[in-house]
**Student:** 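Below is a structure I'd like to ask you about.
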Amino acid sequence: MSAPLTILGLESSCDDTAAAVVRCGGNTGADGAQILSSVVYGQAALHASFGGVVPEIAARAHAEKLDHCVEAALDEAGVTLADCDAVAVTAGPGLIGGVLAGVMCAKGIAAGAGLPLVGVNHLAGHALTPRLTDGLAFPYLMLLVSGGHCQFLIAHAPDRFDRLGGTIDDAPGEAFDKTARLLGLGQPGGPAVEAEAQAGDPARFALPRPLLDRPGCDMSFSGLKTAILRERDRCIAVHGGLTRQDRADLAAGFQAAVADVLVEKTRRALDQYLSLAPAAPALAVAGGVAANGPLRTALTVLAAGRGVRFVAPPLRLCTDNAAMIAWAGLETYAAGARDGMDLAARPRWPLDTTRAPLLGSGRRGAKA
Ligand code: KG4
Ligand code: ZN
């Protein structure tokens, strides 16, 4: 085994400013991978009163917080820049002001400390996390479901992903957040809708399962949110407002519809993936929506029924963080990747350029 690698990672593509230090014994593969620190400064409070992430505010907050965040990550890890082998930074996709702030900060550190620079695709960070946490072997199937993303990827190598499908409009987390707003629940909407749904009847309202009638793994969630709006307004028209039960039934119906779509599309993605006859088949999930209890249960059952290992990294590594960026940087650095001072910040950066781009454009910015 070659010498251990220690990588500093930076993330600032949406509304979390994050820095982390990850160390691994030289060879790629997760044997002995260690997260020495992972610091996340969330910006939720800054954006709360606007009902969504404001790109200008996000960019300014990233620029203010990044160096403190890096210092905290180095301190917590008990290392200095001299102990690091490279700086990895999210170079896209994401809100351009934030991505730029991170890339500029990383360039400054790399130039000042004489360290190599590695630009990381944010989606690759999410997609490679199961190797950091569970040592998954390639190829594995990945379902990325967050507030900004929804796609199925077959991970073949640190820099090779096959995108089987994704959302053509809203991401599921975004739909959860909008549904919560429509029902007068708090933000983030996912946990609020899940809690409300516990007392609800998922079958009371006839809600659509968009794109299930079409072949393939593409998805759509914006029509579902519109259906919730319509049913909500119908309830309001009948008794002048939403009863507690209306709210619970709408939440339960919405959650069940999202889970049905995701599970059926995962079934199809698994068919394609399993046709590759992987030696150690595995399905992994990442993104904030992966925290959803009923969805997790349904995916666990689906994977078990197909003889596929199911991996869901701990939530703090499923949502945006810099450990995943440091790890993806470590894997690509070990494979020879290096970037120069001309590394560009990219608002859009599809992981799989062989497929036609997805249309999606959600409020949280990061598109692919
Ligand atoms: O990955 P993430 O932290 O951030 C990005 O989108 O980048 O995901 C946040 C999203 C939010 O839309 C939130 O409502 C959703 O994940 N979420 C959930 C749950 N917890 C968080 N959605 C459904 N059920 C949950 N329990
Ligand atoms: Zn993300």
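Both counts, for ligands and for their atoms, begin at 1 and track the order of listing. It should be emphasised that the depicted structure is a prediction, and the values quoted were computed from it without experimental measurement.
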**Student:** Are Phe254 and Phe176 close enough that their ring centres sit under 6.0 Å apart?
**Tutor:** yes
**Student:** List ligand 1 atoms under 4.0 Å from Asp320, heavy atoms only on the residue side.
**Tutor:** 7 (O)
**Student:** Return the number of protein N, O or S atoms with a distance to the Zn ion (ligand 2) smaller than 2.8 Å.
**Tutor:** 3
**Student:** Could you check Thr332 against Asp159 for side chain to side chain donor-acceptor pair (under 3.5 Å), going step by step and ending with a plain yes or no?
**Tutor:** CA-CA 7 Å; Thr332 50; Asp159 60 351; over 6 Å; no
**Student:** Kindly indicate whether the side chain of Asp85, heavy atoms from C-beta on, has any atom under 4.5 Å from the side chain of Pro116.
**Tutor:**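 No - every pair of side-chain heavy atoms lies 4.5 Å or more apart.
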**Student:** Would you say Asn292 and Gln255 are linked by a side-chain donor-acceptor pair, where the criterion is simply a distance under 3.5 Å?
**Tutor:**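 Indeed, the side chains of Gln255 and Asn292 share at least one donor-acceptor pair under 3.5 Å.
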**Student:** Decide whether an N or O pair under 3.5 Å exists between Thr319 and ligand 1.
**Tutor:**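 No, there is no polar N/O contact under 3.5 Å.
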**Student:** Hey, does Gly288 come in under 3.5 Å of ligand 1, counting only N/O atoms on both sides?
**Tutor:** yes
**Student:** Could you tell me whether Asp271 and Arg306 make a salt bridge, using a distance below 4.0 angstrom between a side-chain N and a carboxylate O?
**Tutor:**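 A salt bridge links Asp271 with Arg306.
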**Student:** Would you kindly say whether His239 and Asp246 are connected by a side-chain donor-acceptor distance under 3.5 Å?
**Tutor:** yes
**Student:** Is there a donor-acceptor contact under 3.5 Å linking the side chains of Asp83 and Thr6?
**Tutor:** no
**Student:** Heavy atoms only: which of Gly147, Cys318, Ala195 is nearest to atom 6 (O) of ligand 1?
**Tutor:**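 Considering heavy atoms of Gly147, Cys318, Ala195, the nearest to atom 6 (O) of ligand 1 sits in Gly147.
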**Student:** Between Asp249 and Arg204, is there a side-chain N and carboxylate O pair less than 4.0 Å apart?
**Tutor:**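 A salt bridge links Asp249 with Arg204.
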**Student:** Which part of Asp177 is near ligand 1, with near meaning a heavy atom under 4.0 Å away: side chain, backbone, both or neither?
**Tutor:** side chain
**Student:** Of the side chain and backbone of Pro191, name the one, both, or neither that has a heavy atom under 4.0 Å from an atom of ligand 1.
**Tutor:** both
**Student:** Test your reading of the structure: does Gly287 have an N or O sitting under 3.5 Å from an N or O of ligand 1?
**Tutor:**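 No, since none of the N or O atoms of Gly287 sits under 3.5 Å from an N or O of ligand 1.
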**Student:** In terms of atom number and element, which parts of ligand 1 are under 4.0 angstrom from non-hydrogen atoms of Gly148?
**Tutor:**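 Contacts of ligand 1 toward Gly148, numbered from 1: 6 (O).
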**Student:** Show your working on side chain to side chain donor-acceptor pair (under 3.5 Å) between Asp320 and His122 and close with a plain yes or no.
**Tutor:** CA-CA 9 Å; Asp320 286 351; His122 178 87; 3.1 Å; yes
**Student:** Should the pair Glu264-Arg268 be classified as a salt bridge under the 4.0 Å nitrogen-to-oxygen rule?
**Tutor:**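 Between Arg268 and Glu264 there is a salt bridge, with a charged N closer than 4.0 Å to a carboxylate O.
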